[in-house]
Amino acid sequence: MAGCRSWLFFLTVCAVSLFGANAEIKVTIPVGRLFTYELLRETFQNDFEPLSKLYAGRLYDDPMIFKCNRQNFPDLPEWLRFTQRHPYDNGFLYGTPTSEGKSIIEIYAINKRSYEATRQILVIKITAEEMLPYQAEFFIGLREIERVLPSSVQDEIKQDIQKLWDTEELEIVNITNALDRGGRVPLPLAGHFEGVYVKAGSQQQFSDCLLRVSTPEHQRQCRAGGKVKAPRGCNFCTIPSNCITWCKTELFDLTQKEPTLPPPTMGSGILEEGGEFDPPESPPSRDYFPDYIVTVIVPLILAIILCILLAYIMFGRREGVAKRNARTNHIQLYHHHTIHDNSDELRHMAANRRAPAPLSTLPMYNSRTGDTAPPLQSESPNIPLIMAQHDPYSDTLPRK
């Protein structure tokens, strides 16, 4: 099976290489029908790799991102939308046209591995066709938009709705992401999905199962907030992820057109003769003086009071601070002069006393023996060098 897939992929790439991915692709769709176009990454892979690598067996599966816009415009038409969840996923263009015309879409594919780009042109021709008279919209809560747009999944949902509608003449009219309808972003956990609205239409009237949605009993159960189960015999979803939410099912009968209001009658625009123009009374005059007092005078008075208080604090209280500073400086000067006078008195008393000088101040004094020696005369030539280097504080003296 894997070998068949690889050969199928190789044949697809070779076909793209022969016809080219840059050729125009033309599609014709009617008004009021769902349009889906899948952007296959395999289609654009050949534009990024030469044929020599393909023939050598080096087939790449590069991540790609797609940019789509209307030709000569920065964005897509208002009825057309684009989605791509991950660079390794295919992209989808989808929407339901509301009027006939022609749209030329430019599709740019950017290779995230090599940062190369290629372009494809999609020409969409929209033809006029009558709207399906009976339409119904269903909400599928266990699906996401990328998982519903493939044709195989659409066929599964369409088969379930055909059983519910009891008709084979059924077409998908529109598919919308719940986030585009005001839904909340789900938690990034398993089992939490965004939800999808699927709208289908048919020429046949609604079945009994669908008509039960409009009954007062069903609407009362939905307003109660409980989980409303499918009516008996109306649960036709073969796959659990495709089951619909009955409280969000809505029916549209386009055959019952609302009566249009008659257009307004246009008068001549000339005032009838004899009529008088009665202008509306002018509003009573208003006295703005109280507002002036509240917005101007009161804040001005408060500002003046605050300025006076600040001036008193800054200038009126400085005299006491100056006195305290002067008193502190006087005490400090008094202490300084007292210390200075006491020091002079001690110096004077020490100079007048007649006591002998301490022995430790005498020259050649030995602190161990208490002996004194005459000072050495360095000018004498009889003093040997050894005696000149003798430690004067040793216990023995040099012999002569």
Side-chain angles (χ1 to χ4, degrees), residues 25-39 76-83 90-103 105 122-178 180-181 195-214 230 234-239 241-246 248-257:
I25 300 176
K26 297 182 180 181
V27 180
T28 302
I29 58 173
V31 175
R33 303 297 190 272
L34 177 66
F35 166 75
T36 56
Y37 180 75
E38 186 174 4
L39 306 180
L76 292 170
E78 59 181 7
W79 63 270
L80 189 61
R81 295 182 179 180
F82 171 76
T83 181
N90 295 331
F92 287 92
L93 283 169
Y94 68 100
T96 302
T98 56
S99 61
E100 59 179 331
K102 182 179 179 181
S103 298
I105 308 301
L122 177 64
V123 181
I124 304 174
K125 184 180 180 181
I126 306 170
T127 59
E129 189 170 333
E130 294 183 0
M131 301 289 291
L132 296 174
Y134 300 98
Q135 298 181 5
E137 188 176 60
F138 309 94
F139 178 72
I140 303 177
L142 300 181
R143 283 290 189 178
E144 294 178 347
I145 190 67
E146 293 84 0
R147 302 294 181 262
V148 176
L149 292 176
S151 58
S152 59
V153 182
Q154 292 187 36
D155 293 338
E156 296 174 356
I157 298 175
K158 183 178 178 180
Q159 292 175 5
D160 294 342
I161 298 177
Q162 285 176 349
K163 296 178 183 179
L164 182 62
W165 205 310
D166 194 14
T167 180
E168 295 293 335
E169 299 177 358
L170 185 72
E171 295 186 18
I172 301 296
V173 175
N174 191 15
I175 295 179
T176 309
N177 191 358
D180 299 334
R181 301 279 293 271
V196 178
Y197 288 92
V198 178
K199 195 172 186 179
S202 176
Q203 295 287 347
Q204 186 175 344
Q205 294 184 359
F206 302 115
S207 63
D208 295 337
C209 291
L210 292 177
L211 290 176
R212 293 182 186 180
V213 176
S214 303
C234 297
N235 189 8
F236 296 103
C237 59
T238 56
I239 301 176
S241 58
N242 293 339
C243 293
I244 64 175
T245 302
W246 283 94
K248 293 185 178 181
T249 302
E250 191 174 357
L251 305 180
F252 302 93
D253 189 358
L254 302 183
T255 59
Q256 299 178 359
K257 297 182 179 179

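Predicted model only: the values in this text are computed from it and were never measured.
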Inter-residue atom distance [X].[atom1] - [Y].[atom2], 0.5 Å rounding:
X: Asn235; Y: Cys209; atom1: CG; atom2: SG; answer: 9.5 Å
X: Thr167; Y: Gln203; atom1: OG1; atom2: CD; answer: 9.5 Å
X: Leu142; Y: Arg147; atom1: CG; atom2: CZ; answer: 14.0 Å
X: Asn242; Y: Ile140; atom1: CG; atom2: CD1; answer: 5.5 Å
X: Ile244; Y: Thr249; atom1: CD1; atom2: OG1; answer: 4.0 Å
X: Ile157; Y: Cys243; atom1: CD1; atom2: SG; answer: 10.5 Å

Would Tyr37 and Ile105 count as a side-chain contact (heavy atoms from CB on, under 4.5 Å) if you check the C-alpha gap in whole Å, the side-chain angles of each, and the deciding distance to 0.1 Å?
CA-CA 11 Å; Tyr37 180 75; Ile105 308 301; over 6 Å; no
For Glu38, side chain to side chain donor-acceptor pair (under 3.5 Å) partners two or more places apart
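Result, side chain to side chain donor-acceptor pair (under 3.5 Å) vs Glu38: Asn90.
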Sequence-distant partners of Tyr134, side chain to side chain donor-acceptor pair (under 3.5 Å), two or more places apart
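In terms of side chain to side chain donor-acceptor pair (under 3.5 Å), with neighbours along the sequence ignored, Tyr134 is linked to Gln205.
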Can you check whether [X] reaches [Y] side chain to side chain, under 4.5 Å on heavy atoms?
X: Val31; Y: Ser99; answer: no
X: Glu156; Y: Thr238; answer: no
X: Val148; Y: Phe92; answer: no
X: Lys199; Y: Gln135; answer: yes
X: Arg81; Y: Leu76; answer: no

Give the minimum heavy-atom separation between [X] and [Y], together with the two atoms involved.
X: Val123; Y: Lys102; result: CG1-CE, 3.5 Å
X: Pro133; Y: Thr255; result: CB-CG2, 3.6 Å
X: Pro97; Y: Pro30; result: CG-O, 3.7 Å

Under the 6.0 Å and 45° cation-pi test, does Lys163 pair with Phe236?
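Geometry flag: not set, cation outside 6.0 Å or 45°.
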State which residues pass ring-ring contact (aromatic ring centres under 6.0 Å, His included) with Trp165; sequence neighbours excluded, sorted by chain then number.
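Once residues adjacent in sequence are excluded, the partners of Trp165 under the ring-ring contact (aromatic ring centres under 6.0 Å, His included) criterion are Phe206.
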Hydrogens and angles aside, do Asn174 and Thr96 bring a side-chain donor and acceptor to less than 3.5 Å of each other?
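The answer is yes; a qualifying pair exists.
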Looking at [X] and [Y], would you say the former's side chain and the latter's main chain have a donor-acceptor pair under 3.5 Å?
X: Lys158; Y: Leu170; result: yes
X: Ser202; Y: Glu169; result: yes
X: Gln154; Y: Leu149; result: yes

Please test Thr83 against Glu146 for side chain to side chain donor-acceptor pair (under 3.5 Å), starting from the C-alpha separation and ending with a verdict.
CA-CA 7 Å; Thr83 181; Glu146 293 84 0; 2.8 Å; yes
Walk me through whether Ile145 and Asp180 qualify under side-chain contact (heavy atoms from CB on, under 4.5 Å).
CA-CA 11 Å; Ile145 190 67; Asp180 299 334; over 6 Å; no
More than 12 foreign heavy atoms under 6.0 Å from CG of Asp155: is that the case here?
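Yes, the 6.0 Å shell around CG holds more than 12 heavy atoms from other groups.
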Leu80/Phe35 under side-chain contact (heavy atoms from CB on, under 4.5 Å): CA gap, chis, key distance, verdict
CA-CA 9 Å; Leu80 189 61; Phe35 166 75; 3.9 Å; yes
What do the steps show when you test Arg212 against Trp246 for side-chain contact (heavy atoms from CB on, under 4.5 Å), and what is the final call?
CA-CA 10 Å; Arg212 293 182 186 180; Trp246 283 94; over 6 Å; no
